[in-house]
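What's counted below: heavy atoms across the whole structure, side chains too, no hydrogens, waters or symmetry copies.
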Amino acid sequence: MTLGDYWRVFRRRLLHVFIPFLALLVGAYWYGMTIPSVYEARALIEIQKNLIRSGMGLTRGFVSTFEKATMAKLATSRDVAALAARKLRHSLPDRYGMTSEEILAREIRAEVHVENLTQSNILQIRTVGSDPRQLADYCNAYAEAVVEFFENERRKSTMELKEYILGQIQAYDSKIAALGAKLQRVRNVKTPEGLEEIAVSKIATRANLNRIEEELERLVRERERLREKAENLRNARASGDFVKVAQMLGGRELESRVDEIQRLEKRRDQLLTQFTPAHPRVAKVIDTLNKAKEELKGVANQALEAYLLSNETREREIEQSLTRLEGERAMTHRAIEELPERLKNQTSLERELAIATSVSRMFQQKLQDFEISMNAPSDRLFLMERAAVPEKPIRPDRKMIVILGGIIGFLLGLAGAFLAEAIDTSLSALKDVERILERPVLAVVPRIRIPNEKLDTERFPTVRKDLLQTVPMMVDQRSPSAEAYRTLRAVIQRRFLESGFKTLLVTSSTPQEGKTTTIANLSLACAAAGLKTIVVGANMRHPVIGRFFPIDRMKGLHELLTGKRTLEDVIQETGFENLHIIDSGSFVRRPAEVLASSRFKEVLEILKKRYDIVLVDSPPMLPVADATTIAPLVDGVLLVYLVSVAPRDALLRCRETLEEVGANIIGVVFNDPWERSQNDYAGYYYHHRYAADEFSRL
């Protein structure tokens with residue numbers, strides 16, 4: 001079904017859609033009004049870090065995600081709820097003074113939610129309930145309790161930290177005094193003349209020892225890095241991957257050549273998606289790519305040899321430096337070992353004294369930072385926004401409930417409408433058409449869908465594209481619709497032609513049901529089966545059948561019946577074997593009177609002798625009398641019915657009219673069963689056009 005079909009079903013079953021929609025809409029409104037309102041109050045607390053020293057100034061510390069999560073968890077403790085209950089009993093005794101602190105704390109803790117807002121240093125205190133005023137009181141009291149709780153904790157931890165720093169400073173001051181006294185006693189010992197200067201010069205080598213060790217480690221790492229790169233380069237050259245060699249060596253020339261090779265490879269891959277490797281464009285790119293690779297190979301080999309040579313030179317230099325540094329390290333160790341024991345002790349004491357002094361200064365600096373942060377006007381938590389009494393409930397969202405009810409009602413109504421449409425088959429079922437007409441359905445023709453690529457407009461240059469799309473027997477003979485017309489031809493041949501009948505009128509009850517399309521495809525199917533076929537265009541009001549063939553449309557049945565031309569003049573070739581046509585001819589003012597002449601009956605008798613089957617095209621039955629005039633003159637009538645176009649009474653009236661004039665209705669073509677092109681009585685819209693005396697030829 002197309003969107004148009006859905007729209008037609010919706011319009012026909014509008015009541016099925018409207019009743020559930022209205023019922024669910026009213027029900028959703030009633031349900032929303034019965035749900036009690038739930039309000040929400042919010043307060044915001046900003047988390048602030050103490051000021052710390054940063055270079056020559058002060059800066060505020062960073063609040064980590066873990067710390068914020070921990071603070072949010074601690075804010076939900078029983079201590080905070082108890083503190084909030086005390087605040088409420090103290091600040092609002094007339095409202096909460098009669099409630100015990102324990103019960104009030106439980107109520108507050110049950111309704112308060114503490115949330116850590118992401119991407120911010122803010123805690124949100126949220127209370128949810130049915131009493132707006134009480135929610136605001138609980139939220140503000142709890143927010144104040146959180147701020148006070150963490151302030152108390154901050155003061156407690158601050159005092160503990162200060163006591164720890166002062167204790168460390170005192171301990172290190174005592175240690176410094178002891179080390180200083182001990183060092184002074186060692187220095188007061190007399191030493192032989194010249195020994196002190198020698199020892200000092202040797203002690204100076206200790207400072208060089210660390211430098212030597214660092215230099216040795218650096219050179220070893222450099223040597224390993226050079227060896228690894230050289231090995232990777234040799235492996236890449238051995239595997240023939242000179243692009244990798246060039247990338248490892250670097251350099252402007254090598255990089256430009258690699259970029260060119262990569263561009264050519266990308267171009268080659270793009271062309272291979274469209275052409276084969278033998279295509280000239282692909283072959284040219286591959287040849288250029290091979291030449292570029294050969295040139296890169298030569299340049300990369302030269303650069304690699306130069307690099308390996310410089311690499312070997314650098315390795316020799318590193319080995320020489322390592323040998324030299326190893327000797328210096330050994331000499332330094334021996335010099336340190338040769339120091340007198342007293343000087344060793346002096347050196348050790350001096351080092352310990354320096355470390356203790358440094359640590360003491362660090363704690364003193366910490367104490368200064370601590371004093372600054374304590375004296376700075378900054379709070380750990382700050383009540384940024386107090387909770388206001390909520391005016392609107394957060395739920396239920398009555399507007400959304402009504403909208404959802406309307407949507408669900410609409411969907412249920414839509415489903416009911418299509419269910420009713422499926423149950424009420426009316427004239428969209430074969431059995432209903434057969435029951436009303438009391439004739440069998442000879443063929444079921446599905447919707448004609450011909451892809452544009454199969455339309456051979458060059459083969460049929462005189463046929464409009466929109467008409468060509470309706471003739472699968474011309475352009476798409478393997479389609480399901482073409483097979484349906486072959487089935488129709490076989491049934492007609494078996495039940496009509498083999499009984500000695502030859503002239504067959506193809507008509508419909510109302511316009512736009514596909515009778516002209518049916519007669520065009522049926523004539524081609526008969527001709528393709530070897531039957532000598534002729535099509536007579538008796539639709540003089542809206543002649544269409546002649547547009548399917550390359551013929552002269554100004555000579556035809558009108559000229560033949562009025563004596564202006566002979567039968568041989570009006571019979572025209574169609575371009576298809578075994579198929580001829582007599583078109584309707586030029587304009588006629590009263591076609592029903594022309595068709596009622598005895599000359600038309602004589603023409604049909606002559607054609608019956610010359611052809612195996614004579615197919616007569618005519619206007620629809622109900623709008624005009626042309627088909628009723630022709631029906632008694634032919635051997636049989638084939639009705640074409642487009643699903644859901646003609647109503648029941650129209651089909652019944654068509655059958656009764658044909659039976660009144662003695663026509664032989666041989667059956668029905670059930671056309672386009674999966675598409676519903678018009679509403680039930682849409683066919684009558686064209687009545688005035690077919691009944692008019694004048695028409696335009698396109």
Residue K555 excluded, over 12 heavy atoms near NZ under 6.0 Å: yes
Close side-chain approach of N539 to I545, heavy-atom, < 4.5 Å: no
Exam field: side chain K502 to backbone K608, donor-acceptor pair closer than 3.5 Å: yes
Partner of T517 by side chain to side chain contact (heavy atoms under 4.5 Å, CB included), out of V471, L522, I448: I448
Heavy-atom donor-acceptor pair, D635 side chain to T503 backbone, under 3.5 Å: yes
Nearest heavy atoms of S618 and L505, plus distance in Å: OG-CD1, 3.4 Å
Under 3.5 Å: donor-acceptor pair, side chain of N671, backbone of E513: yes
Heavy-atom check, side chain of M400 versus side chain of L404, under 4.5 Å: yes
Partners meeting ring pair (Phe, Tyr, Trp, His ring centres under 6.0 Å) with Y611 (sequence neighbours left out): H580
Heavy-atom side-chain contact between L504 and V614 under 4.5 Å: no
Residue from I613, I571, T574 passing side chain to side chain contact (heavy atoms under 4.5 Å, CB included) with I534: I571
Spacing of NZ belonging to K515 relative to CG belonging to L639, to within rounding of 0.5 Å: 12.0 Å
Min side-chain heavy-atom separation F548-T470 under 4.5 Å: yes
Residues T629, V661; criterion side chain to side chain contact (heavy atoms under 4.5 Å, CB included); working and verdict: CA-CA 8 Å; T629 303; V661 298; over 6 Å; no
Side-chain (D583) to main-chain (G537) donor-acceptor, under 3.5 angstrom: no
Within-4.5 Å side-chain heavy-atom neighbours: T516 and H542: no
Distance in Å, Q477 CD paired with N521 CG, rounded so as to fall on 0.5 Å steps: 10.0 Å
Separation of I492 CD1 from I666 CD1 (nearest 0.5 Å): 5.0 Å
Flag side-chain contact, heavy atom, 4.5 Å: Y641 against V441: no
Close side-chain approach of L488 to L638, heavy-atom, < 4.5 Å: yes
Reported CD-to-CG distance for the pair E294 and L289, which is rounded to 0.5 angstrom: 10.5 Å
Validation row: V506, V669 side chains within 4.5 angstrom (heavy atoms): no
Side chain to side chain donor-acceptor pair (under 3.5 Å) contacts in which one or both residues fall within residues 390-406, not counting sequence neighbours: S37-R398
Non-hydrogen atoms of V402 and A28 that approach each other most closely: CA-CB, 4.0 Å
Nearest non-hydrogen partners of L296 and R257, listed with the distance: CD1-CB, 3.9 Å
CZ-CD distance between R486 and Q493, expressed to the nearest 0.5 angstrom: 14.0 Å
Backbone N/O of R447 and side chain of S481: donor-acceptor pair under 3.5 Å: no
S509 (side chain) donor-acceptor with A650 (main chain) under 3.5 angstrom: no
Electrostatic pair D287:K291 at N-O distance under 4.0 angstrom: yes
Sidechain-backbone polar pair: R553 side chain, G546 backbone, donor-acceptor under 3.5 Å: no
Non-neighbouring partners of F501 that pass ring pair (Phe, Tyr, Trp, His ring centres under 6.0 Å), sequence neighbours left out: F496
For F275, ring pair (Phe, Tyr, Trp, His ring centres under 6.0 Å) partners two or more places apart: H279
Between CD on residue E265 and CD on residue Q270, distance to nearest 0.5 Å: 12.5 Å
Within residues 563-572 or reaching into it, pairs that qualify as salt bridge (Lys or Arg N to Asp or Glu O under 4.0 Å) - sequence neighbours excluded: E568-R610
Partners passing salt bridge (charged side-chain N to carboxylate O under 4.0 Å, His left out) against E559 (at least two apart in sequence or in another chain): none
Side-chain donor or acceptor of D612 paired with backbone N/O of K532 under 3.5 Å: yes
